[in-house]
Amino acid sequence: QVQLVESGGGLVQAGGSLRLSCAASGGTFSRYVMGWFRQAPGKEREFVVVITWRGGTTYYADSVKGRFTISRDNSKNTVYLQMNSLNPEDTAVYYCAADSRLRIYWRSNQYAYWGQGTQVTVSS
């Protein structure tokens, strides 16, 4: 059983940056593909980015490509999401997710483990 805890959310002005972290415990971190999703009020949870087991491959949603960067440190059991050039449309609760396989990675139901989420609010 893997436990995920996100941190780093907050309030930032448009154009600003935040770095989210997701710390994992209870499993062998390097065995899991790690993804970030987000959910804005009244909207479905949407895929943001995924990184494979050793960080060799990443896939980004078009909406964040070029602005967000995912990375992982398997020695620290942590995945990071660096978010730059934030805009109000990025406002959402951000969740990290883990699964042992890379399947239909853009679909939230493909992930077995989820964190509790961290709020990101971008003011205009």
Side-chain angles (χ1 to χ4, degrees):
Q1 188 78 8
V2 176
Q3 292 82 45
L4 304 173
V5 179
E6 302 96 335
S7 61
L11 174 64
V12 63
Q13 288 188 334
S17 299
L18 281 175
R19 188 174 86 149
L20 306 183
S21 300
C22 173
S25 61
T28 302
F29 185 65
S30 60
R31 292 182 179 176
Y32 294 93
V33 168
M34 300 299 298
W36 285 96
F37 286 74
R38 65 186 183 185
Q39 188 166 18
K43 295 187 177 181
E44 293 186 355
R45 192 168 297 189
E46 67 170 354
F47 168 75
V48 176
V49 60
V50 65
I51 187 167
T52 53
W53 303 266
R54 297 180 180 179
T57 301
T58 57
Y59 298 102
Y60 290 86
D62 288 343
S63 59
V64 306
K65 203 171 292 184
R67 301 187 299 123
F68 290 12
T69 303
I70 191 171
S71 61
R72 67 188 294 163
D73 186 339
N74 286 351
S75 69
K76 295 182 179 180
N77 292 351
T78 302
V79 62
Y80 304 96
L81 182 63
Q82 177 66 44
M83 306 187 294
N84 299 329
S85 302
L86 286 162
N87 59 63
E89 290 71 39
D90 296 316
T91 295
V93 177
Y94 283 71
Y95 299 90
C96 71
D99 198 84
S100 59
R101 294 181 288 174
L102 182 67
R103 295 170 290 171
I104 310 175
Y105 57 84
W106 60 90
R107 294 180 65 174
S108 60
N109 61 5
Q110 301 300 298
Y111 293 81
Y113 305 103
W114 290 85
Q116 82 291 347
T118 185
Q119 176 71 46
V120 171
T121 303
V122 184
S123 63
S124 58

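Sequence positions, counted from 1, serve as the residue numbers for this chain. Just so it is clear, the structure is predicted and the values come from calculations on it, not from any experiment.
With values rounded to the nearest 0.5 angstrom, Phe29 atom CZ is found 7.0 Å from Cys22 atom SG. Taking CG from Asn77 and CD from Gln3, the interatomic distance works out to 11.5 Å, rounded to the nearest 0.5 Å. To the nearest 0.5 Å, atoms OG1 (Thr78) and CE (Met34) are separated by 9.0 Å. Interatomic distance, OG of Ser100 versus OH of Tyr32, reported as 6.5 Å (0.5 Å rounding). Distance check: Phe68 CZ to Thr58 OG1 gives 14.0 Å after rounding to the nearest 0.5 Å. For the atom pair Gln82 CD and Leu20 CG, the distance stands at 9.0 Å (nearest 0.5 Å).
Counting only distance, with no hydrogens or angles, the side chain of Asp99 and the backbone of Ala112 share a donor-acceptor pair below 3.5 Å. Side chain of Arg103 to main chain of Gln110: a donor-acceptor pair is present (N/O by atom type, distance under 3.5 Å, no hydrogens or angles). Looking at Thr118, its side chain never comes within 3.5 Å of a backbone N or O of Glu6 through a donor-acceptor pair. Without hydrogens or angle criteria, Glu46 side chain to Arg38 main chain gives no donor-acceptor distance under 3.5 Å. The closest donor-acceptor contact from the side chain of Gln116 to the backbone of Val5 lies at 3.5 Å or more, if one exists at all.
Transitive grouping of hydrophobic side chains (ILVMFWY, heavy atoms separated by less than 4.5 Å) keeps Tyr113 and Tyr80 in distinct clusters.
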Is there a side chain to side chain contact (heavy atoms under 4.5 Å, CB included) between Leu81 and Val79? Walk through the geometry before answering.
CA-CA 7 Å; Leu81 182 63; Val79 62; over 6 Å; no
Trace of the side chain to side chain contact (heavy atoms under 4.5 Å, CB included) decision for Val49 with Ile51:
CA-CA 7 Å; Val49 60; Ile51 187 167; 6.0 Å; no
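Not counting sequence neighbours, Arg72 has no partner by the salt bridge (Lys or Arg N to Asp or Glu O under 4.0 Å) test.
Val50 belongs to a hydrophobic cluster with Val33, Phe37, Phe47, Trp53, Tyr59, Val93, Tyr95, Leu102, Ile104, Tyr105, Trp106, Tyr111, Trp114, counting contacts under 4.5 Å between side-chain heavy atoms of Ile, Leu, Val, Met, Phe, Trp and Tyr, direct or through other members.
With a 4.5 Å cut-off on side-chain heavy atoms, Met83 and Asp90 do not count as touching.
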